Amino acid sequence: MAKTLFDKIWDSHVITDLGNGFVLLHIDRLLLHDLSGARALREVTEKGYTPAQPRLIYATPDHAISTAPGRTEETFPPGAPLLRGLRANTAKFGIRLFDIGQDGNGIVHVVGPEQGLTLPGTTLVCGDSHTCTHGGMGSLAFGIGSSELEHVLATQTMVQRKPKRLRVHFDGALPQGVTAKDMILHLIGELGTAAGTGHAVEYAGSAIRGLPVEGRLTLCNLSIEMGARTGMVAPDDTTYEYLAGRDYAPKGAMWDRAVAHWRSLPSDADAEFDREHTIDMAKVAPQITWGTSPEHVIAVDRPIPDPTAGPEDKRAAWLAALQYQGLEPGKPIEGTKIDWVFIGSCTNSRLSDLRDAAAIAKGRHKAPHVHAWIVPGSERVKRQAEAEGLDRVFKDAGFEWREPGCSMCIASNGERVPAGQRSVSTSNRNFVGRQGPGARTHLASPAMAAAAAIKGAIADVRKL
Amino acid sequence: MEKFTKVTGVAAPLMRQNVDTDLIIRIERLVDNTSRQGLGPHCFEQIRLKPDGSENPDCIFNQEPYRDPPIILSAENFGCGSSREGAVWALAGMGVKVVIAPSFGDIFYNNCFQNGLLPVALPLAEVQQLADEMRASPGNARVTVDLEQSQVVSPTGRVIPFTIDARRQHALLNGLDDIAQTLTHKDKVEAWQSADRNARPWVWL
């Protein structure tokens with residue numbers, strides 16, 4: 001029978017059928033971070049369980065560490081006990097930890113692909129909803145809660161029910177100024193934040209084939225923002241070129257064997273999906289969010305929406321969002337004054353993202369009133385960017401060059417946008433208070449964020 | 001794991017879409033390593049409290065009889081966003097036993113069951129009618145949620161059936177622990193792993 005990419009990976013990982021639609025699924029990779037990971041490791045071992053397959057588990061602190069230049073674990077004191085606990089328990093149970101300052105440290109969803117830990121055809125989970133990022137490598141990857149995390153630690157398996165399948169085609173060439181971030185924000189704007197609930201999403205079409213791996217990771221990263229626990233792109237030569245030679249990827253004859261297997265993974269031509277949706281790339285423009293949900297998004301040259309003209313069931317939410325954001329309906333969003341720019345997060349902190357932002361910042365200077373931060377996604381991204389001189393470009397343009405971590409995306413390390421201030425951020429959530437209590441967030445691509453820093457206001461990157 | 005059988009009590013209408021887990025519990029409360037029960041007072045703090053820390057009287061949870069309600073009524077996509085199970089711990093810490101909404105974030109939904117919190121999916125019109133019946137008789141109105149019968153009884157006595165996976169229903173009624181259940185399949189797990197080491201040796205580091 002014809003199968004989708006998702007079905008092939010899922011079916012081959014079923015250990016046993018538990019009845020009532022549930023199966024026991026093998027998990028090939030478990031990634032831990034200092035917040036959910038440290039706690040789950042402590043709590044499950046306190047219950048008397050030990051990690052079942054420590055060699056399939058990898059840990060990196062990212063959430064509760066400072067990203068200030070010259071930081072140590074003590075720079076953000078509340079995070080230090082979490083990191084110390086993670087160190088002690090990973091050492092005790094033989095789990096590989098990428099500690100701060102080491103190659104391999106960084107945001108967990110940047111590090112997995114970068115180190116070759118994330119492989120096509122594998123199942124991968126982490127106590128973080130943006131684990132769907134790894135789907136960009138052709139991995140079946142999803143975020144889980146603490147109870148599920150403890151279950152994986154103790155058994156290397158999960159009890160799961162098979163979701164439905166949704167395929168989204170992005171057809172055509174990327175217009176000027178449009179990136180993977182704009183593609184996925186545009187899609188969420190069209191379908192809404194709950195469209196993917198209960199579905200595994202596969203992204204396909206000519207625009208996806210043409211995307212480099214880092215763009216595919218960005219695209220899959222926001223799958224959870226339309227409700228889908230998992231989003232995937234079928235592996236192809238682009239994937240294999242990216243993976244070849246990475247630290248934990250197979251080598252030599254084993255590599256050839258792996259690639260032969262991976263080539264069997266893409267969805268069969270006649271495989272059926274529960275739903276399909278198509279995006280014409282000619283209609284996608286650089287995006288910016290205006291409200292407090294990722295579905296509150298428009299092309300940057302459009303006016304701020306008027307709730308009275310919107311769908312009736314969304315009116316109250318739109319009004320509340322505009323009030324929180326301090327915006328007036330009908331006005332252009334372009335030119336709205338901003339206070340902060342944050343370029344970083346598991347969505348957009350990879351080398352190609354920093355190159356995109358640097359191309360805009362080069363030879364220009366940020367507006368005097370704007371605080372502009374660059375937070376590289378990993379130690380390796382930071383070192384590679386410095387080797388290319390990107391740090392100099394940013395510093396010359398008045399941006400702050402920082403250490404890797406989640407930072408201002410989630411503000412769990414005390415790095416916040418102050419109340420009432422407005423930020424353009426390359427992260428993934430514009431929820432109320434996400435970047436700090438009272439902070440006003442606008443999500444956009446790295447180039448759009450850099451453009452906003454230069455102009456001191458929301459700007460159309462195509463006009464720079 | 002905590003059992004759940006039946007709850008009768010006040011249902012607080014928080015009738016907004018996309019109540020996200022950041023709104024339910026701020027991430028820094030989880031950095032602090034607060035106990036699960038200790039998260040209760042911080043639940044919904046962004047809407048319960050004003051910036052100066054005083055109570056916001058406009059918030060439903062600061063209005064009688066809706067303080068620390070055992071049941072919450074909400075609109076589509078409740079619990080969307082982050083995977084933090086702290087959102088479930090905070091709700092449980094606040095005394096919430098049931099959330100009734102048309103749909104839930106997938107990860108939040110899964111997180112509920114290991115903590116004795118029951119998510120009940122009902123059509124929006126039904127949830128709205130429950131909210132209307134609560135508001136029509138403040139102080140007296142009660143909603144009953146019965147997991148064994150898989151039904152909700154409204155304040156006016158209407159019986160509304162809901163569907164739930166038989167496996168989850170059984171586990172919640174009996175307070176079964178997932179890890180202990182899975183470990184009964186240890187032999188099958190080991191057999192699968194042994195075969196996979198041969199088929200995909202590159203996965204096994």
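The shown structure was predicted, so the numbers you read here are calculated from the model rather than taken from an experiment. Excluded from the calculations below are hydrogen atoms, water molecules and symmetry mates; all remaining heavy atoms, backbone and side chain alike, are included. A, B, ... follow the sequence lines: proteins, then strands. Residue 1 opens every chain.
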(message) What part of A:Arg429 gets within 4.5 angstrom of chain B, counting heavy atoms only: side chain, backbone, both, or neither?
(response) side chain
(request) Counting only heavy atoms closer than 4.5 Å, note whether A:Val432 contacts chain B via side chain, backbone, both or neither. (result) both
(request) Against chain B, label A:Arg29 side chain, backbone, both or neither, depending on which of its atoms sit under 4.5 Å from a heavy atom there. (result) side chain
(request) May I ask you to decide if the ring planes of A:His13 and B:Trp192 are parallel, tilted or perpendicular, using 30° and 60° as cut-offs? (result) tilted
(request) Counting only heavy atoms closer than 4.5 Å, note whether B:Ala195 contacts chain A via side chain, backbone, both or neither. (result) neither
(request) Find out whether A:Glu148 and A:Met158 are in side-chain contact, i.e. whether some heavy atom of one side chain is under 4.5 Å from a heavy atom of the other. (result) yes
(message) What I'd like to find out is whether the side chain of B:Ile100 reaches to under 4.5 Å of the side chain of B:Leu73, using heavy atoms alone.
(response) yes
(message) As a test of understanding, state which of B:Val98, B:Ile71, B:Val7, B:Val153 forms a side chain to side chain contact (heavy atoms under 4.5 Å, CB included) with B:Thr144.
(response) B:Val153
(request) Side chain from CB out, backbone as N, CA, C, O: work out which of these in A:His151 comes under 4.5 Å of a heavy atom of chain B, or both, or neither. (result) both
(message) So for A:Ile410, is it side chain, backbone, both, or neither that comes closer than 4.5 Å to the heavy atoms of chain B?
(response) both
(request) Check each atom of A:Phe22 against the heavy atoms of chain B and say whether the ones under 4.5 Å are side chain, backbone, both or neither. (result) side chain
(request) Please determine if B:Arg168 forms a cation-pi arrangement with B:Phe113, meaning its NZ or CZ atom is less than 6.0 Å from the six-membered ring centre and no more than 45° off the ring axis. (result) yes
(message) Which label fits B:Trp204 and A:His26: parallel for a plane angle under 30°, tilted from 30 to 60°, or perpendicular past 60°?
(response) tilted
